[in-house]
Amino acid sequence: MRIIVSSTCQIVSVLVPVYVDSSYSYRVPNGPLDTEDGAAPSKLVAGQVVKVPLGPRSVLGVVWDDDVAFTDNNRLKDIEHVYHGTVLSANFRKFVDWIAQYTLAQRGMVLRMVLRGEESLLPPKPIKALRLAGPVPARMTKAREQVLSVMEGGLAQVKADIVERSGVSASVVDGLVKAGTLEPCFLPAPALVATPQADFAAPRLSEQQEVAAQQLRQAVAADCFAGLLLDGVTGSGKTEVYFEGVAEALRHGKQILIMVPEIALTGAFLDRFEARFGVRPGEWHSGQSQRYKNLIWRGVATGEIQVVVGARSSLMLPFRDLGLIVVDEEHDGAYKQEDRVIYNARDMAVVRGHLSGFPVVLASATPSVESHNNALQGRYSRIHLPDRFGGQSMPDIALIDMRANPPEKGHWLSPVLIEAVNETLEAGQQSLLFLNRRGYAPLTLCRTCGHRFQCPSCSTWLVEHRFRKQLVCHHCGHCEPVPPACPACGQEDSLVACGPGVERIAEEAASLWPDRHIVILSSDLIHGVQQLRTELELISSGKADIVIGTQLVAKGHNFPAMMLVGVIDADLGLAHGDLRAGEKVFQTLAQVTGRAGRHTGQGRGLLQSYAPDHPVIAALANGDREGFYTYELEQRHRAMMPPFGRLAAIILSAEDREAALSYGRLMVRAVPRENDVRVLGPAEAPLSVLRGRYRFRLLVATPRSFSLSPWLRLWLSQCPKPKGSLRVQIDVDPVSFV
DNA sequence: CGCCGATCGCTC
DNA sequence: AGCGATCGGCGC
């Protein structure tokens, strides 16, 4: 950093959290600078947080490493305030720059993901308390005696505690303050999160787990970057294994971040952490209060908080001395941020480890194709747990060929699956019927005129939700009541539901097993986290006989009594245009069938399919994981898609169909046909309508050697600016970083 | 002739 | 991104 120190003042570069890539220059005033503790710093250093004037307002910013480029003394403004105690480390600053450069975002927007409000920079407020001060009051009462006995020993206590312990009203305590017997005082704020103990409760590990744990301990002790893919089947005890890595980092005095998809951040997970380390970790997710998050932010910056368990955004916390990141369920799509700065927190975690020199553990029962390939190529070390813990065997997976075993007309459960559920019920065990589709029916049409209900602002069919008595668009959330007559031809009672959703499966199950306890688990029928937890506990305790669920049930919850998992439509999703369609189907179905017999005996998984020969379905049925990855890698290689190429989706959206199309054609012409750049233009990426806007994705695929970001940046700056309400957004998909 | 609304462009 | 500056609608 070249900081200009003229004879009169110091000029520094400050990155501000606004929509710009460059840092701005500010003058450090000569006089004593305004700080929260009154101390006057002589010089500012990179990483310090400051408050600066910006346009009409003042914002927080960070002194950055850039050379001071703007030296127009007349237009320079003064730094208003410097905050102490929180300095962003050099590695972390490099990380911010790296993300911006890679995701084609402005550095200011990345910094915005890091900084919070001013409260996170100030020391926590001391707590108001009361302590014994003066003589016993002249007028003594029973209640006052009780208060004094509570205060015996002279320790200061919070007023609410005094009231509770002495069983008197608050006004009695106030009276004693007035009489001078008690006086107000301030206690330092207690630590938000207690220190986890590395050896609080050492676990009982299998031989296989112990070998894996040892690898993690060594990687942590080596204190340098390593990518570790912890690939363990469902029920293999991955969590216990990576907890050993966490314990080792604690022994080395390092901070640890455990990232989980938001939905997996349940009380059950935190309980397991507490059982292992004796205390709860810091919890970082959208449900936490602003106050708590500010305290966590400051706590990790000062180093007071050792371990944080958090969702995606926890990656941007300014840890003082991070020594390990664990990304649990690394394949999960929830790690990808789709708005503003588009990034995948799993990949950025690897980058953070690489820049700062510590190991990063990616854990999953179904690793992403990218991570699997990185392990194959030797960029990550693969730590494999092929067996379940405690000698439990993997579920027995079988296909039901629906062409040979069709369900009754208008029904969706094949005779084979119904029989399997019957057997499971008779054995007193739980079944899960899985269908990744909310609502009653995915398509509603009029049997008289053939009218189909379509979303007015998206190019999708409306899904009937019979419990809510509404037609819902799953893309934009538009909903309307189910009309009594067809809006096109006016015919009454002419609407028919086509295809199944979970509600329809629940209806069918209720008619087949009327006396059984059936629970339906679908995100639109669950109101809030609390209800979800209640329902999950109900299932865990074995009170439900049959569970019918969507994606919600595939996400790592434990159901001890679950012995049969029936997949209603294994082919669902395979036909989607998404380049990761096959991978998603494989991961979801492997995870959901992995729920069967996890704790007790031999579980079963049954996959209903009309395409049993499809490589993804066949690999699932045969338990041939390697076969799946081989197939998927071949497909990706041919299309030059991740992990073999870098893929950028240029997302165009416009209110005007013609504007979107013509600008798209312009872009396709502009992309250079060199370095094996491949463009999927408007012809191949059809125009769709989303929330009333015409949009398409222009996919640009390049091999790894080609540096896409600089080219895209240049191109966007040179090409004619989109007119009118045309919006261009860039979504960069990952390759490997190390 | 005047006031509110889309579009433009800057932030040290 | 946000926020002020700037030009255009038509209301009386």
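The structure displayed is predicted, hence computed values, not measured ones. Every chain is numbered from 1, with letters handed out A, B, ... down the list of sequences.
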### Query
Which residues pass the salt bridge (Lys or Arg N to Asp or Glu O under 4.0 Å) test with Arg636(A), sequence neighbours left out?
Glu370(A), Glu583(A), Glu632(A)
Detail all sub-3.5 Å separations between protein N/O atoms and N/O atoms belonging to nucleotides 9-11 of chain B.
residue, atom, partner, partner atom, Å
dT11(B), OP1, Arg75(A), NH2, 2.8
dT11(B), O3', Gly55(A), N, 3.2

### Task
Rounded off to whole Å, could you give me the NZ-to-P distance for the Lys51(A) and dC12(B) pair?
16 Å
### Query
Ion pair present between Arg298(A) and Glu304(A), side-chain N to carboxylate O less than 4.0 angstrom?
no
### Message
Near DNA chain B, counting only heavy atoms under 4.0 Å, which residues of residues 107-117 of chain A show up?
### Response
none
### Query
Partners of Ser356(A) by side chain to side chain contact (heavy atoms under 4.5 Å, CB included), sequence neighbours excluded?
Asn91(A), Phe358(A)
### Query
Checking Arg312(A) side chain against Tyr335(A) main chain: does a donor-acceptor pair fall under 3.5 Å?
no
### Query
Taking NZ, NE, NH1 and NH2 as the nitrogens, is one of them in Arg346(A) or Asp332(A) under 4.0 Å from a carboxylate oxygen of the other?
no
#### Entry: Minimum heavy-atom distance between Met259(A) and Ala345(A), given as atom pair plus value
CE-O, 3.7 Å
### Summary
In Phe95(A), Phe225(A), Trp98(A), the residue satisfying side chain to side chain contact (heavy atoms under 4.5 Å, CB included) with Arg352(A) is Phe95(A)
### Query
Taking atom P of dC12(B) as reference, at what distance in whole Å does atom CD1 of Ile79(A) sit?
13 Å
### Message
Determine whether a donor-acceptor pair (N or O, by modelled atom type, separation under 3.5 Å) exists between the side chain of Tyr26(A) and the backbone of Glu80(A).
### Response
no
### Query
Distance-only, no hydrogens or angles: does the Ser120(A) side chain make a donor-acceptor pair with backbone N or O of Gly117(A) under 3.5 Å?
yes
Sequence neighbours excluded and cut-off under 3.5 Å, please list the side-chain donor-acceptor pairs for residues 316-328 of chain A, or say none.
residue, atom, partner, partner atom, Å
Asp321(A), OD1, Lys254(A), NZ, 3.3
Asp328(A), OD2, Tyr242(A), OH, 2.8

Tabulated below should be each protein N or O lying under 3.5 Å from an N or O of nucleotides 4-7 of chain C; please produce it.
none

